[in-house]
Participant: 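My questions will all concern the structure given below.
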Amino acid sequence: MIQRDGCNTSLWQDSVDDYRPVSKADYSTLYDVVIAGGGITGITTALLMQNAGLKCLVLEANSLCFGTTGGTTAHINTLLDVPYSTIEKKFSKEKAKLVADSVKEAVATIKKHIGKYDIDCDFEETTATLFAKTDKQKDELDKISQATSDAGIANEFVKKISIPVKFLKAMKVDGQAKFNPVRYVYALADEFEKAGGVIVQECRVVGADETENVEIQTSKGKYKGRFLVYATHIPPGVNLLHFRCVPQRSYAMAIKLKEDKYPGDLLYDMYDPYHYYRTQEIDGEKYFIVGGEDHKTAHEENQEYCLLKLESHVRKYFDVEEIAYKWSSQYYESPDGLPYIGQLPGHEKIYVATGYGGNGMPYSTVSALLLTRMLTNEDSPYRNLYDPNRLKPVASFSSFISHNVDVVKQFAGRIFSGEQMHQLAELATGEGKIVEFEDEKIAIYKDEQGKVHALSPICPHAGCEVKWNNAELTWDCPCHGSRFSYDGSVMNGPTTKDLSKISLRELVNKE
Ligand SMILES: Cc1cc2nc3c(=O)[nH]c(=O)nc-3n(C[C@H](O)[C@H](O)[C@H](O)COP(=O)(O)OP(=O)(O)OC[C@H]3O[C@@H](n4cnc5c(N)ncnc54)[C@H](O)[C@@H]3O)c2cc1C
């Protein structure tokens, strides 16, 4: 089983063994492109660039698919979460069509890879059904159907849907697909290494200096590249993009049904947040995957309750034999609904791909294709469409950075007395919370062995206060989505640093 950035096991984690790179990195080599991040974006980008003649190095902070690719539900859509009617309104009809063209190319590229490399990842082409349950949703569906057709994606209204949920109107779209994302990424990683690419795991990128080339500082030393691509889901460090991309948490479960009535297509209701449904077969076993209950990261007090709400939704409509897996994961939404793919604002040789919302399966390949074209000096109609520099600068940006550096310094080296922390006595094993005394806040968690882990709750990225996630046993930052294990070690960015540990020597001695 592979690791992921949460304590719950997703359906995919069990389906592969750890990836063991065979290639070896070299500190003295000037790579053409260094790619930070070994999820679906990083590995697809690496393979396409290596095949285009660029010498590539992938640096992954943990192990391949440790991030959201290991916690996705892997619907491969051209029917996007942000409907074409909204894209049309925010941009134009022409741009909505360009978006559709780009995701169609991405889906075709995924299919091509699976054929070319003979990848065993249970890939299936299918349809998607979007269904309305209220009159308001019905009106919305009419607009979505029209805009989807205008964008060049055929659709039709249907009288029946494949799950036992009542609906008023439903729209069916061809040209969608599903697969096991982790098996797909592992196979691409293998092909990347066969093509001469290099992968290093357990290697976190912590900084980069742009000079003539890019010098990349990592937890394992310095590497050099002509270009750096942040395929880290959100770029590390502090950048304008962190003001724009909103981290969101979504919940999923993989269910065994009592009867063999697994739907073959992908389905979505139209609530906000919406529920999403599909079936995946893994090694001959069918699982019905249901997701939903999304919220802004760390804006829900009780994440276990979100899983319970999802479970009660599932049990209301389906005959459940067993809930085999349940998990949650994080994604990033951009304010205008389109991803940011291209040069990182303020940088010349550093590129980024982020803000996919819930459509990272197609958008990761859109990114890989576009970034490869950019770095091989090929033109692309999507360059301006997804340009991260379409952002307007934020006025308070520089004061924001200096303020936050101060906040982080305040906590360094402090030792708190256990006696004063009477609130600890109320902490149950497995519980985490923020306690306050002497005008200071402390993030504490009592593990299953009764050991208390005490941390500064100040996120080292931008100084926001982290919140406990009781479903994944992590500290999550509500501002920009940095996440930490209960012992403070960083799980995912934008921060590259751990939460500061606070010594509870006195308390531990007393116990
Ligand atoms: C519950 C859920 C369901 C979803 N379902 C769908 C779906 O059905 N269809 C769809 O299209 N999309 C879906 N999405 C979105 C999709 O899963 C993501 O957009 C996609 O997986 C992102 O892939 P990525 O490679 O960009 O990021 P990740 O998979 O997060 O990979 C980033 C990698 O970078 C590494 N990393 C981070 N920081 C550093 C650093 N400083 N140095 C080196 N490495 C670093 C991480 O360890 C990680 O492995 C879903 C998301 C969620 C949360």
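For ligands, and for the atoms within them, numbers begin at 1 and follow the listed sequence. Computed from a predicted structure; not experimentally measured.
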Participant: Heavy-atom distances under 4.0 Å are what count here, so tell me which part of L59 touches ligand 1: side chain, backbone, both or neither.
Facilitator: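 Near ligand 1, L59 shows its backbone, while the atoms from C-beta on stay back.
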Participant: For the residue pair Y268 and H75, categorise the inter-ring angle as parallel (less than 30°), tilted (30 to 60°) or perpendicular (more than 60°).
Facilitator: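 Judged by the thresholds at 30° and 60°, the geometry between Y268 and H75 is tilted.
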Participant: Side chain, backbone, both or neither: which part of P181 has a heavy atom under 4.0 Å from ligand 1?
Facilitator: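 It is neither; nothing of P181 touches ligand 1.
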Participant: Return yes when S367 approaches ligand 1 closer than 4.0 angstrom through a heavy atom, no otherwise.
Facilitator: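 In this structure, S367 fails to qualify as a contact of ligand 1 - no heavy atom is under 4.0 Å.
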Participant: Does some side-chain heavy atom of Y117 sit less than 4.5 Å from a side-chain heavy atom of D190?
Facilitator: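 Heavy-atom side-chain distance check fails, nothing below 4.5 Å.
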Participant: I need the contact type for Y363 against ligand 1. Using non-hydrogen atoms and a strict under-4.0 Å cut-off, is it side chain, backbone, both or neither?
Facilitator: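 No part of Y363 is near ligand 1 at this cut-off.
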Participant: Check if G358 has a non-hydrogen atom at a distance under 4.0 Å from any atom of ligand 1.
Facilitator: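 The answer is yes: ligand 1 sits under 4.0 Å from a heavy atom of G358.
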Participant: Relative to each other, are the rings of W327 and Y325 parallel, tilted or perpendicular (30° and 60° limits)?
Facilitator: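 Rings of W327 and Y325: perpendicular, as their planes differ by over 60°.
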Participant: Does only the side chain of A353 get under 4.0 Å from ligand 1, or the backbone, or both, or neither? Count heavy atoms.
Facilitator: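 The answer is neither.
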Participant: Considering only heavy atoms, does A252 approach ligand 1 within less than 4.0 Å through its side chain, its backbone, both, or neither?
Facilitator: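 Neither; no heavy atom under 4.0 Å.
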Participant: When you measure from the heavy atoms of A231 to every atom of ligand 1, does any distance fall below 4.0 Å?
Facilitator: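 It does, in that a heavy atom of A231 comes within the 4.0 Å cut-off of ligand 1.
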Participant: Is the contact between A74 and ligand 1 made by the side chain, the backbone, both, or neither, using heavy atoms and a 4.0 Å cut-off?
Facilitator: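 Near ligand 1, A74 shows its backbone, while the atoms from C-beta on stay back.
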Participant: For ligand 1, note which part of Q330 has a heavy atom under 4.0 Å away: side chain, backbone, both or neither.
Facilitator: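 Near ligand 1, Q330 shows its backbone, while the atoms from C-beta on stay back.
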Participant: Please state whether the sulfur gamma atoms of C477 and C459 sit closer than 2.5 Å to each other.
Facilitator: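 Answer is no: C459 does not pair with C477 in a disulfide.
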